[in-house]
**Student:** 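I'd like to ask you about the structure that follows.
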Number of protein chains: 2
Amino acid sequence: MDTEEFRRLWDELDPIGRLPGGGYLRFSWSEADLACRAWFQEQARARDLTCESDRNGNLYAWWGEPGSGEAVLTGSHFDSVPHGGAYDGPLGIVSAFLAIDALREAGDRPRRPIAIAAFTEEEGGRFGIPCLGSRLMTGAIDPDRARALTDAGGTTLAEAMRETGADPEQLGPDPERLASIGAFVELHVEQGRRLDGEDAPVGVANAIWPHGRWRLDFTGAADHAGTTRLPDRRDPMLTFAFAVLAARKEARLAGGLATIGRVEAEPNATNAIAATVTAWLDARAPDEAVLSAILTGFESKVTERAGRDGTGFAIRPESETPVVEFDAGLRDRIAALLSTFTARKHRRGGGAPILPTGAGHDAGVLAAHVPTAMLFVRNPTGVSHAPREAASDEDCAAGVDALAAVLRDLAC
Amino acid sequence: MDTEEFRRLWDELDPIGRLPGGGYLRFSWSEADLACRAWFQEQARARDLTCESDRNGNLYAWWGEPGSGEAVLTGSHFDSVPHGGAYDGPLGIVSAFLAIDALREAGDRPRRPIAIAAFTEEEGGRFGIPCLGSRLMTGAIDPDRARALTDAGGTTLAEAMRETGADPEQLGPDPERLASIGAFVELHVEQGRRLDGEDAPVGVANAIWPHGRWRLDFTGAADHAGTTRLPDRRDPMLTFAFAVLAARKEARLAGGLATIGRVEAEPNATNAIAATVTAWLDARAPDEAVLSAILTGFESKVTERAGRDGTGFAIRPESETPVVEFDAGLRDRIAALLSTFTARKHRRGGGAPILPTGAGHDAGVLAAHVPTAMLFVRNPTGVSHAPREAASDEDCAAGVDALAAVLRDLAC
């Protein structure tokens with residue numbers, strides 16, 4: 001794949017939802033999301049691919065007759081976290097269209113249909129539940145719960161969909177569609193620097209770490225910041241602060257990750273002790289025993305501290321995703337196939353690097369139902385969910401070639 | 001003063017800006033504030049007091065000819081912190097009207113004018129700078145800076161004033177008005193339980209602790225919460241959490257108060273490490289050496305921690321108020337005068353309790369220009385800036401009697 005060819009298509013999509021500072025706001029069902037969807041439909045039309053939306057708002061572009069055999073699905077998502085980077089999601093969709101172009105140019109024809117998917121609300125950036133589109137499709141979330149999810153402005157998913165002309169009553173599991181998919185291969189920018197360290201432009205995932213989101217409620221007593229004696233206070237901000245440091249410490253000791261990046265205080269006034277602090281814990285680990293150790297340690301230490309602070313502390317899961325082990329046969333087949341993409345001199349066996357990831361993906365949701373694989377494209381900064389997220393045009397073009405090779409192997 | 005008489009007037013004002021949970025939202029220049037102002041004008045009219053607004057939006061109701069002698073000013077403010085209590089501010093205004101009623105009923109006539117003031121934006125709850133109305137009037141803040149202050153929605157003070165028909169171009173020092181005031185006596189609910197402990201319904205202030213507000217900026221690097229290795233992070237939430245605990249510790253060691261009650265994180269997403277955290281520190285102490293020790297210790301410890309976290313930390317004052325020692329002659333005169341209001345059997349000398357306060361007040365601003373005093377009314381919960389703030393009707397009535405006695409002594 002010519003880097004200019006990659007750049008040409010990339011530059012069409014790249015400005016949609018980009019903020020002056022370089023980050024992106026591409027919340028699902030927003031204006032920016034609708035513009036991305038229109039771009040997707042246009043790309044499908046230009047390639048004579050059949051385009052459709054499923055009952056959950058996920059888009060598909062079909063090469064080959066839908067239903068004429070178990071499809072090989074590829075693609076990713078358009079939506080971003082607030083102020084996120086350019087590549088997380090869109091790279092998988094752009095690469096999929098270019099991979100089909102490459103197969104056609106080479107004269108390949110699919111034995112079984114190939115489809116490109118754009119899943120909705122993968123980040124959970126607007127409605128709080130990640131992989132919402134794929135969870136709905138696979139029946140992993142109750143459609144009534146999904147319809148009632150609200151964004152920061154209080155708009156429900158049902159309202160947001162209706163505003164764009166979509167019908168939220170249709171939301172729900174789609175077993176027939178799921179049964180029509182024979183394999184799913186998601187290409188994604190790497191969210192770390194493992195490939196950079198291994199001097200490889202492309203790698204293959206073996207697993208997604210178990211991970212989850214927990215809501216933390218700290219309650220105390222609002223009072224005057226200038227007149228309430230320290231011993232008389234029940235200040236939930238202290239317990240929250242302890243929790244931030246405790247999460248980090250437990251993760252470090254156990255060998256996992258824990259982050260508190262979102263916090264809301266009430267009444268949030270400079271001269272009043274907070275009445276409540278609400279925060280969200282994101283935790284991940286290489287295996288479930290480690291994740292469980294982080295959570296157990298965190299909860300017991302924060303509960304103990306709340307007792308000393310005279311505050312209330314409650315923790316409840318908002319989403320929990322067990323470890324995902326991708327199909328081993330598919331993984332090894334792809335790794336061998338991609339050996340030509342690894343310029344690494346020192347690797348025995350010659351296959352592409354195989355790596356786990358701490359990030360959730362629609363591939364993790366679909367893996368419970370169909371053989372699924374993920375390709376990663378090198379990200380020299382290692383940064384993700386922020387504007388510094390990056391991939392060189394050369395590596396993106398290599399990613400397209402790798403995806404085309406995989407699709408050829410599986411479908412042609 | 002009959003408690004029913006107090007309750008009747010109190011119940012007129014009490015519902016304005018009250019929220020379902022019992023707290024108040026009475027931001028300056030809001031609908032609730034305008035309703036309070038209309039109530040003030042109505043009270044003045046009903047008593048045949050001349051009502052006027054000064055160039056800074058502070059209201060006055062005059063008993064006696066303005067300018068016919070050095071006035072005795074009383075009153076307080078209507079505005080609240082978000083979800084604040086009922087008494088902080090309004091009690092001083094309601095009590096002032098009732099004290100004039102009591103003087104008139106007793107046949108007293110003022111030798112020099114008595115005025116009731118309602119100062120604007122005392123809490124700084126909307127525009128961030130406390131005692132804004134009295135600071136503007138006394139020239140303690142630049143009017144250009146005041147006009148440009150913004151609320152949480154980005155509305156400037158100038159815009160908020162214009163929306164209500166007030167003219168922000170008039171903002172600024174008012175030396176002529178200041179020169180017309182001979183003394184200021186502010187009655188306020190106590191923000192602590194000192195009077196409760198001394199079994200006294202009313203007390204007199206001797207000083208306001210030096211205090212201030214500092215903006216804290218923590219900067220780091222946004223990144224993916226699920227894929228960024230702990231050693232690679234520059235997470236400003238960690239430094240912020242350390243700062244919350246450090247503020248408390250420094251205050252405890254030095255014998256002052258420090259509070260962080262307001263925090264804002266960006267992008268504030270569950271699965272992204274924060275890029276920035278902004279917070280506000282409120283600190284107070286019995287004297288300036290202690291306050292300075294708290295600030296110095298806090299800044300050095302947080303700076304050191306930021307170095308370890310790889311984050312940026314900046315602290316800058318938004319308002320700093322030196323210690324206020326109220327006029328000693330006025331204080332002792334009032335304390336002696338109020339001896340009849342102290343039911344305390346064990347107090348030698350018989351005067352009312354004399355106590356310092358950690359809270360800022362318009363009285364603290366005016367004290368730099370005119371002899372000023374404060375009366376406190378017992379608050380059995382000790383709570384302030386929260387719905388549990390309280391005063392019994394009996395104590396409020398005693399407060400009115402005390403204020404009437406002081407006004408009689410100074411003006412009749």
Side-chain angles (χ1 to χ4, degrees), chain A residues 23 81-84 123-125 128 130 191-192 209 211 213 221-230 232 235 237-238 240-245 248 251-252 257 259-275 280 282 284 357-360 382-388, chain B residues 23 81-84 123-125 128 130 191-192 209 211 213 221-230 232 235 237-238 240-245 248 251-252 257 259-275 280 282 284 357-360 382-388:
Chain A
V81 298
H83 303 270
E123 298 290 3
Q191 297 165 296
W209 283 13
H211 59 281
R213 297 176 178 196
D223 211 331
H224 194 299
T227 58
T228 316
R229 296 183 331 131
L230 297 181
D232 293 341
D235 184 351
M237 192 70 84
L238 292 177
F240 163 71
F242 176 86
V244 169
L245 301 174
R248 169 71 164 231
R252 178 167 55 77
L257 298 175
T259 310
I260 295 178
R262 182 176 169 201
V263 58
E264 289 163 13
E266 291 290 340
N268 214 27
T270 302
N271 58 350
I273 297 162
W280 283 261
D282 179 300
R284 328 223 178 186
T357 173
V383 169
S384 178
H385 284 190
R388 285 177 58 238
Chain B
V81 298
H83 303 270
E123 298 289 3
Q191 298 166 295
W209 283 14
H211 60 281
R213 298 176 177 195
D223 212 331
H224 193 300
T227 59
T228 316
R229 296 183 332 131
L230 297 180
D232 293 341
D235 184 350
M237 192 70 85
L238 292 176
F240 163 71
F242 176 86
V244 169
L245 300 174
R248 168 72 164 231
R252 178 167 54 77
L257 299 175
T259 310
I260 295 179
R262 182 176 169 202
V263 57
E264 290 164 12
E266 291 290 341
N268 214 27
T270 303
N271 58 351
I273 297 161
W280 281 262
D282 179 301
R284 330 223 176 185
T357 172
V383 169
S384 178
H385 284 189
R388 284 177 56 239

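Please read all numbers here as calculations on a predicted model, not as lab measurements.
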**Student:** Given a strict heavy-atom distance threshold of 4.5 Å, which part of A:Arg284 is in contact with chain B: side chain, backbone, both, or neither?
**Tutor:**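 Side chain only.
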**Student:** Is B:His385 reaching over with its side chain to a backbone N or O of A:Asn271, donor-acceptor style, under 3.5 angstrom?
**Tutor:**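 At least one qualifying donor-acceptor pair exists.
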**Student:** I'd like to verify something: which residue of A:Gly192, A:Ala269, A:Gly360 has the highest number of heavy-atom pairs under 4.5 Å with chain B?
**Tutor:** A:Ala269
**Student:** Which distance, rounded to the nearest 0.5 Å, do you find between the OG1 of B:Thr228 and the CG of A:Leu257?
**Tutor:** 7.5 Å
**Student:** Counting only non-hydrogen atoms closer than 4.5 Å, does A:His83 touch chain B with its backbone (N, CA, C, O), its side chain (CB onward), both, or neither?
**Tutor:**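 The side chain, not the backbone.
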**Student:** Does any backbone or side-chain atom of A:Thr357 lie under 4.5 Å from a heavy atom of chain B? Answer side chain, backbone, both or neither.
**Tutor:** side chain
**Student:** Need one label for A:Val383: side chain, backbone, both or neither, based on atoms under 4.5 Å from any heavy atom in chain B.
**Tutor:** both
**Student:** Distance check, rounded to the nearest 0.5 Å: A:Leu238 atom CG versus B:Thr259 atom OG1?
**Tutor:**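 Between atom CG of A:Leu238 and atom OG1 of B:Thr259 there are 9.0 Å.
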**Student:** Out of B:Ala386, B:Ala272, B:Ser384, return the one with the most heavy atom pairs under 4.5 angstrom to chain A.
**Tutor:** B:Ser384
**Student:** Quick check for you: among B:Ala274, B:Ala225, B:Pro267, which has the greatest number of heavy-atom pairs under 4.5 Å with chain A?
**Tutor:**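 Maximum pair count with chain A is reached by B:Ala225.
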**Student:** Evaluate the side-chain contact (heavy atoms from CB on, under 4.5 Å) criterion for residues B:Leu245 and A:Leu245: first the C-alpha distance (whole Å), next the side-chain angles of each, then the deciding distance (0.1 Å), finally the verdict.
**Tutor:** CA-CA 10 Å; B:Leu245 300 174; A:Leu245 301 174; 3.8 Å; yes
**Student:** Heavy-atom pairs under 4.5 Å with chain B: which of A:Pro82, A:Ala265, A:Gly125 has the most?
**Tutor:** A:Pro82
**Student:** Need one label for B:Val81: side chain, backbone, both or neither, based on atoms under 4.5 Å from any heavy atom in chain A.
**Tutor:** side chain
**Student:** Which bit of B:Ala275 is near chain A, if near means a heavy-atom gap under 4.5 Å: side chain, backbone, both or neither?
**Tutor:** neither
**Student:** Do you know which of B:Arg213, B:Arg248, B:His211, B:Arg229 has the most heavy-atom pairs under 4.5 Å to chain A?
**Tutor:**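 The candidate making the most pairs under 4.5 Å is B:Arg248.
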**Student:** Testing the basics here: between B:Val263 and A:Asn268, what is the closest heavy-atom pair and its distance to 0.1 Å?
**Tutor:** N-OD1, 2.9 Å
**Student:** Indicate the atoms forming the closest heavy-atom contact of A:Thr270 with B:Asp282, along with that distance.
**Tutor:**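 Where A:Thr270 meets B:Asp282 most closely, the heavy atoms are O-CB, 3.4 Å.
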**Student:** Is there a side-chain contact between B:Ile260 and B:Phe240 in this structure, where contact means two heavy atoms from C-beta onward sitting under 4.5 Å apart?
**Tutor:**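 SC-SC contact between B:Ile260 and B:Phe240 confirmed.
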**Student:** I'd like to know if the side chain of B:Thr227 and the backbone of A:Gln191 have a donor-acceptor N/O pair within less than 3.5 Å.
**Tutor:**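 Indeed, once roles are kept as given, a pair shorter than 3.5 Å links the two residues.
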**Student:** Please look at A:Glu123 and chain B and tell me whether the side chain, the backbone, both or neither of the residue comes under 4.5 angstrom of a heavy atom of that chain.
**Tutor:**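 It is both, since atoms from each part get that close.
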